[in-house]
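Shown next, in structure tokens, is the structure this report addresses.
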Amino acid sequence: MRRVRYSVAMSLDGFIAGPKGENDWIVMDPEIDFRALMSSFDTILMGRKTYEASRGHGGGGMPGINAYVFSRTLRQKDCPSVTVTANARETIGEIKAQAGKDLWLFGGGGLFRSLLEQGLVDAVDVTVVPVLLGGGVKLLPEPYDVHKLKLMKHRVYEKTGTVSLEYAVAS
């Protein structure tokens, strides 16, 4: 069955972006097979802020990947390369009922928290980068409930000290 996977890089002190949204601290470890990672998804889920930031850098949609943006303010006609929706539960339920690959929950912690609280996140894949930012965008912004996770897989990348952790969200 298709899963919603929150796949994200995080600093050792729990931030997914710096104080100004910067991500230049993320190490591109040569041992990480990004092509294999990307081939495990055919759908990307993002919130308005992430979409607007990626659109500002020429992104928004990715070739061969269906993109959904969850927003109550964006209009579909202004975002032709993605599907804009406000109803996460219904939209994700419809996508998961179709045949296909996993869904990549991409971007900020706000959408992650919202979908996690609704029981819509199946897996949390965190790549811990050995850097301390001291502030920024948290992996899981407050307020939040406790959610138990089960470690499924881990790997240490010796050259950079990066650690990949894959968890299933416990029911």
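The basis for the numbers below is simple: all heavy atoms, side chains too, and nothing from hydrogens, waters or symmetry mates.
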Of all heavy-atom pairs between [X] and [Y], which one has the smallest distance, and what is that distance?
X    : Y    : result
A123 : R3   : CB-NH1, 4.0 Å
S81  : A67  : O-CB, 4.5 Å
A9   : I26  : CB-CD1, 3.8 Å
K159 : P30  : CD-CG, 4.3 Å
V27  : T162 : CB-OG1, 4.4 Å
S164 : Y157 : CB-CE1, 3.8 Å

Quick check against the 3.5 Å criterion: does [X] have a side-chain atom that pairs as donor or acceptor with the backbone of [Y]?
X    : Y    : answer
E52  : G47  : no
E22  : K20  : yes
R89  : Q118 : yes
W104 : S7   : yes
S114 : G110 : no

Nearest 0.5 Å please: distance from the [atom1] atom of [X] over to the [atom2] atom of [Y].
X    : Y    : atom1 : atom2 : answer
C79  : Y51  : SG    : OH    : 4.0 Å
D33  : M38  : CG    : CE    : 12.0 Å
L105 : F70  : CG    : CZ    : 8.5 Å
D29  : E158 : CG    : CD    : 10.0 Å
N66  : I95  : CG    : CD1   : 8.0 Å
Y68  : T43  : OH    : OG1   : 6.0 Å

For R155, enumerate each residue passing the salt bridge (charged side-chain N to carboxylate O under 4.0 Å, His left out) test, keeping only those at least two apart in sequence or located in another chain.
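Checked R155 against salt bridge (charged side-chain N to carboxylate O under 4.0 Å, His left out); matches are E31.
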What side-chain donor-acceptor pairs closer than 3.5 Å can you find for residues 124-141, not counting sequence neighbours?
| unit_1 | atom_1 | unit_2 | atom_2 | d |
| --- | --- | --- | --- | --- |
| D125 | OD2 | R5 | NE | 2.9 |
| D125 | OD2 | R5 | NH2 | 3.1 |
| K138 | NZ | E142 | OE2 | 3.3 |

K150, NZ atom: more than 12 neighbouring heavy atoms under 6.0 Å =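 Incorrect, the count does not exceed 12.
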* Does NZ belonging to K96 count more than 12 external heavy atoms closer than 6.0 Å? ->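 Correct, the count exceeds 12.
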Original post:
So do the side chains of H147 and D145 get within less than 4.5 Å of each other, counting heavy atoms only?
Top reply: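 Contact flag for H147/D145 side chains = yes.
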Can [Y] be reached from [X] by stepping across I, L, V, M, F, W or Y side chains whose heavy atoms are under 4.5 Å apart?
X    : Y    : result
L149 : L111 : yes
L12  : Y167 : yes
L37  : M46  : yes

Does the pair L45 and V4 meet the rule for a side-chain contact (heavy atoms from CB on, under 4.5 Å), with working shown? CA-CA 9 Å; L45 310 173; V4 172; 4.1 Å; yes
#### Entry: Reference residue R2; test salt bridge (charged side-chain N to carboxylate O under 4.0 Å, His left out); the match among D102, D122, D42
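With R2 as partner, salt bridge (charged side-chain N to carboxylate O under 4.0 Å, His left out) holds for just one option, D42.
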### Message
Strictly by ring pair (Phe, Tyr, Trp, His ring centres under 6.0 Å), give each pair with a member in residues 2-24 just once, sequence neighbours left out.
### Response
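Residue pairs passing ring pair (Phe, Tyr, Trp, His ring centres under 6.0 Å), neighbours aside: Y6-F112.
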- [ ] Return yes if a side-chain donor-acceptor contact under 3.5 Å exists between S11 and D13, otherwise no.
- [x]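 The criterion, which ignores hydrogens and geometry beyond distance, is satisfied for D13 and S11.
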